[in-house]
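Each remark here refers to the structure printed beneath this line.
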Amino acid sequence: GINQADMNDLYWVTGELKFENNILGDVFEEIEKAYGTKIEVADTSIRNCRLTATFQRMPLSTVLAVIAKTHHLTFDTKTDRIIVNGNGCK
């Protein structure tokens with residue numbers, strides 16, 4: 001079968017990113033690949049937070065808004081990267 005990471009690699013075909021209790025470190029990597037952007041975390045513990053969500057052909061701003069709302073994070077968009085601020089998870 002095809003696992004979830006492989007499916008996310010097919011984003012350019014399916015337009016879908018699916019996460020099931022994934023750590024944000026992995027989520028951000030998938031988003032970087034799918035949207036061609038760079039994401040940096042101000043606090044490395046942010047990468048430990050988990051996300052369950054499916055994004056179907058959504059603009060990057062919407063995807064980030066959902067993650068921000070879920071974990072009370074803020075995203076600071078610069079010209080060449082996005083910086084994530086907030087309290088992380090253990």
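Separation of atoms OG1 (Thr54) and CZ (Phe19) is listed at 9.0 Å; rounding is to 0.5 Å. The NZ atom of Lys18 sits 10.0 Å away from the OG1 atom of Thr52 when rounded to the nearest 0.5 Å. With values rounded to the nearest 0.5 angstrom, Glu32 atom CD is found 9.0 Å from Glu40 atom CD. In this structure, CD on Glu16 lies 9.5 Å from CZ on Arg57, to the nearest 0.5 angstrom.
Minimum heavy-atom separation, Ser45 to Gly88: OG-CA, 3.3 Å. The two residues Asn85 and Ala42 come nearest to each other via the heavy atoms OD1-CB, 3.2 Å. Considering every non-hydrogen atom in both His71 and Leu24, the closest pair reads CD2-CD1, 3.9 Å.
The side-chain contact (heavy atoms from CB on, under 4.5 Å) test with Val27 is passed by exactly one of Leu17, Val63, Ile39, Ile67: Ile67. Exactly one residue among Asp43, Leu73, Leu64 makes a side-chain contact (heavy atoms from CB on, under 4.5 Å) with Val84. That residue is Leu73.
The side-chain heavy atoms of Ile23 and Arg47, taken from C-beta on, include no pair separated by under 4.5 Å. You'll find the side chain of Thr37 reaches within 4.5 Å of the side chain of Ile82, heavy atoms only.
By the 6.0 Å contact criterion, CG on Asn87 is open, its count of non-hydrogen atoms from other residues, nucleotides or ligands being 12 or less.
Although no hydrogens or angles enter the test, the distance criterion places a donor-acceptor pair under 3.5 Å between the side chain of Thr70 and the main chain of Val66.
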(request) Report the C-alpha distance between Val41 and Phe28 in whole Å, list the side-chain angles of each, state the deciding distance to 0.1 Å, and finish with yes or no for side-chain contact (heavy atoms from CB on, under 4.5 Å). (result) CA-CA 9 Å; Val41 292; Phe28 292 151; 3.7 Å; yes
(request) Might you work through the side-chain contact (heavy atoms from CB on, under 4.5 Å) test for Phe55 and Ile31, ending with a clear yes or no? (result) CA-CA 10 Å; Phe55 300 108; Ile31 290 171; 5.7 Å; no
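In terms of hydrophobic clustering, with Ile, Leu, Val, Met, Phe, Trp and Tyr side chains grouped at heavy-atom distances under 4.5 Å, Ile46 and Ile83 are assigned to different clusters.
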